[in-house]
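Here's the structure we're looking at; comments come further down.
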Amino acid sequence: MIEIYFNYLVYGWIAFAIITFLSLFFIKQPYGRHASDKFGMMIDNKLGWIIMELPSPIVFSIFFFLGKEPHTSMHYVLYALYMIHYINRSIIFPLRTRTNNKKMPLLIALAAIFFNLVNGFVNGWYLGNHAISNEPIILVCLGFLLFIVGFYINNKSDHILLNLRKDGDTGYKIPRGFLFEKITSPNYFGEIIEWTGFCLMNIQIASISFVVWTLANLIPRARDHHQWYLEKFSDYPKQRKRIFPFLY
Ligand code: NDP
């Protein structure tokens with residue numbers, strides 16, 4: 001019975017991601033360079049990142065460890081990959097940002113907390129209560145490789161972006177080198193590769209929903225960033241695509 005409700009919840013969650021994707025072609029996510037006080041009360045940017053991302057590893061862990069399914073070594077590998085990503089995203093990344101005195105709308109933090117609570121629950125509950133799906137070993141290895149490559153691309157790109165600023169600086173420069181020569185948002189491209197790899201290691205409704213949400217959040221944001229660079233910098237390299245090398 002619980003299983004049926006859970007499946008309905010995830011179908012609804014995927015439908016909500018598709019609606020969000022379509023809406024984001026009309027509304028820019030108002031944080032970072034697109035931040036706006038039109039969305040109500042503002043909070044500190046760094047603090048916002050920590051409080052909005054921390055619910056994900058906490059909720060994921062709770063439901064993973066409460067799960068009834070005997071945990072195999074593959075369960076723990078997937079658990080570890082998720083946690084490595086989120087310890088970086090919720091603690092290390094925010095502490096490294098150079099966004100002194102910058103603010104984000106409280107509404108954005110609340111929306112992200114909601115996303116992370118549901119996504120952490122969906123993925124933690126599923127992994128904790130189900131056997132690992134029986135993917136061919138070649139697919140599991142490919143998924144693992146994609147996760148590692150995606151994690152590397154995501155972190156190296158974020159590292160380049162974070163180092164564009166000197167201490168106290170909060171402005172923007174054109175990022176150069178690495179995949180920035182091909183696309184505007186390699187950090188987002190890396191994130192999409194990561195969760196696609198995670199999904200290939202254990203293909204099921206929860207991990208698929210995470211890939212759909214990652215695409216829904218990051219493709220429109222990459223498009224907005226690309227447009228913003230073109231408007232802001234007359235010398236912005238014209239050959240760069242938005243998020244997928246050679247494609248878009
Ligand atoms: P951005 O690329 O907008 O910014 C990353 C950081 O670099 C920010 O601190 C930003 O400062 C700074 N920065 C960006 N561009 C420049 C520039 N040209 N010059 C100087 N500094 C710059 O990424 P997001 O903040 O949107 O996302 C951060 C991470 O979170 C990414 O790795 C992303 O993949 C991940 N993420 C994942 C989501 C998912 O659904 N899985 C959703 C959203 C993000 P500032 O904030 O001042 O602009």
Side-chain angles (χ1 to χ4, degrees), residues 13 16-17 20-21 24 28-36 42 44-50 52-53 56-57 82 85-86 88-105 108-109 111-116 118-120 123 147 150-177 179-180 183-199 207 209-233 235-237 240 242-243:
W13 186 231
F16 187 31
T20 302
F21 174 72
L24 288 175
K28 291 189 179 79
Q29 293 177 52
Y31 69 91
R33 77 199 63 194
H34 310 294
S36 161
M42 306 286 279
D44 179 75
N45 188 75
K46 215 181 265 282
L47 178 70
W49 268 98
I50 295 172
M52 71 189 192
E53 295 295 324
S56 185
Y82 191 99
H85 174 89
Y86 270 103
N88 176 55
R89 177 66 66 242
S90 59
I91 301 169
I92 302 171
F93 171 78
L95 294 178
R96 294 183 63 212
T97 56
R98 295 182 175 175
T99 54
N100 298 344
N101 300 322
K102 281 196 156 186
K103 308 255 184 239
M104 70 161 75
I108 275 288
I113 288 171
F114 175 70
F115 167 76
N116 281 316
V118 180
N119 190 51
N123 281 279
F147 185 93
F151 186 78
Y152 172 76
I153 293 174
N154 176 257
N155 278 282
K156 182 163 168 94
S157 311
D158 275 342
H159 179 78
I160 291 172
L161 291 173
L162 295 176
N163 282 299
L164 288 173
R165 291 179 180 150
K166 305 280 161 278
D167 286 340
D169 184 9
T170 54
Y172 294 90
K173 298 188 182 107
I174 299 178
R176 309 254 178 212
L179 286 179
F180 286 101
I183 48 178
T184 290
S185 297
N187 49 347
Y188 299 164
F189 175 60
E191 181 109 16
I192 290 169
I193 293 180
E194 256 185 279
W195 297 117
T196 303
F198 185 81
C199 181
S207 58
S209 77
F210 196 1
V211 175
V212 175
W213 265 104
T214 306
L215 292 166
N217 276 327
L218 297 182
I219 293 174
R221 189 160 168 83
R223 187 213 49 182
D224 291 340
H225 277 15
H226 190 75
Q227 189 59 34
W228 180 92
Y229 277 116
L230 289 174
E231 286 166 12
K232 180 108 179 159
F233 298 98
D235 56 339
Y236 192 70
R240 290 187 192 180
R242 297 166 185 84
I243 184 165

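First listed ligand is number 1; within each ligand, the first listed atom is number 1. Just so it is clear, the values below take in all heavy atoms, side chains as well, and ignore hydrogens, waters and symmetry mates.
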- Message: Suppose we measure from atom 26 (O) of ligand 1 to each protein heavy atom; which comes out shortest, and what is that distance?
- Response: Tyr188 OH, 2.6 Å
- Option with minimal heavy-atom separation from atom 48 (O) of ligand 1, where the choices are Trp195, Tyr172, Phe233, Trp228: Tyr172
- Query: Which ligand 1 atoms are under 4.0 Å away from a heavy-atom of Asp158?
  - Reply: 29 (C), 31 (C), 32 (O)
- Message: Considering both backbone and side-chain atoms of Thr97, is one of its nitrogen or oxygen atoms within less than 3.5 Å of a nitrogen or oxygen in ligand 1?
- Response: no
- Task: Return yes if a side-chain donor-acceptor contact under 3.5 Å exists between Asn100 and Arg165, otherwise no.
- Result: no
- Task: Can you see which heavy atom on Pro220 is nearest to which on Leu24, and at what distance?
- Result: CB-CB, 3.5 Å
- Task: Check each atom of ligand 1 against the heavy atoms of Arg221 and keep those under 4.0 Å away; list them by number with element.
- Result: 3 (O), 26 (O)
- Message: How far is atom 7 (O) of ligand 1 from the closest protein heavy atom, and which atom is that?
- Response: Leu161 CB, 3.5 Å
- If you measure from CG on Asp158 to CG on Asn187, what distance do you get to the nearest 0.5 Å? 4.5 Å
- Before signing off on this row, confirm whether Arg98 and ligand 1 have an N or O atom pair separated by under 3.5 Å. no
- Message: For a 4.5 angstrom cut-off between non-hydrogen side-chain atoms, does Asn154 reach Arg89?
- Response: yes
- Query: Which residue pairs pass the side chain to side chain donor-acceptor pair (under 3.5 Å) test with at least one member in residues 219-229, sequence neighbours excluded?
  - Reply: Tyr31-Arg221, Arg33-Tyr229, His34-His225, Thr184-His226, Tyr188-Arg221, Tyr188-His225, Gln227-Glu231
- Query: What's the spacing between Thr99 OG1 and Met104 CE if we round to 0.5 Å?
  - Reply: 8.0 Å
- Is the count of non-hydrogen atoms from other residues, nucleotides or ligands lying under 6.0 Å from Tyr152 atom OH greater than 12? no
- Task: Check whether any N or O atom of His225, backbone or side chain, sits under 3.5 Å from an N or O atom of ligand 1, and answer yes or no.
- Result: yes
- Note on the structure: of all protein heavy atoms, closest to atom 28 (C) of ligand 1 is Phe93 CZ, 3.5 Å
- the protein heavy atom lying closest to atom 41 (N) of ligand 1 turns out to be Glu191 OE2, 3.0 Å
- Item | Distance (rounded to the nearest 0.5 Å) between Leu161 CG and Lys156 NZ | 12.0 Å
- Query: Quick one: CG on Asn123 to OH on Tyr82, what's the gap to the nearest 0.5 Å?
  - Reply: 5.5 Å
- Item | Whether Arg89 lies under 4.0 Å from ligand 1, heavy atom | yes
- Note on the structure: among protein heavy atoms, the one nearest atom 44 (C) of ligand 1 is Tyr31 OH, 3.8 Å
- Query: Looking at CD of Glu194 and SG of Cys199, how far apart are the two atoms once the value is rounded to the nearest 0.5 Å?
  - Reply: 13.5 Å
- atom 18 (N) of ligand 1 has as its nearest protein heavy atom Lys173 O, 2.7 Å
- Restricting to heavy atoms, the pick from Arg165, Arg96, Lys102 nearest atom 11 (O) of ligand 1 would be Arg165
- Item | Taking atom 2 (O) of ligand 1 as the reference point, the nearest protein heavy atom with its distance | Asn187 ND2, 3.0 Å
- Are there protein heavy-atom neighbours of atom 30 (O) of ligand 1 below 4.0 Å? yes
- Proximity flag Gly171 to ligand 1, non-hydrogen atoms under 4.0 Å: yes
- Task: Classify the ring geometry between Tyr86 and Phe210 as parallel (under 30°), tilted (30 to 60°) or perpendicular (over 60°).
- Result: parallel
- Task: Using non-hydrogen atoms of the residue, decide whether Phe115 is closer than 4.0 angstrom to ligand 1.
- Result: no
- Item | Residue, atom name and distance, where the atom is the protein heavy atom closest to atom 38 (C) of ligand 1 | Leu218 CD2, 3.8 Å
- Query: Which is closest to atom 8 (C) of ligand 1 by heavy-atom distance: Asn100, Leu162, Val211?
  - Reply: Leu162
- Close N or O approach (Trp49, ligand 1; < 3.5 Å): no
- Item | Taking every non-hydrogen atom, the tightest pair across Thr214 and Glu191 | CG2-CG, 3.8 Å
- Message: Counting the benzene-type ring for Trp, do Trp213 and Trp13 have ring centres under 6.0 Å apart?
- Response: yes
- Query: Side chain, backbone, both or neither: which part of Thr170 comes within less than 4.0 Å of ligand 1 when only heavy atoms are counted?
  - Reply: neither
- Contacting atoms of ligand 1, where contact means under 4.0 angstrom from a heavy atom of Asn217: 40 (O)
- Item | Atom pair CZ/CG of Phe151 and Asn155 - distance to nearest 0.5 Å | 4.0 Å
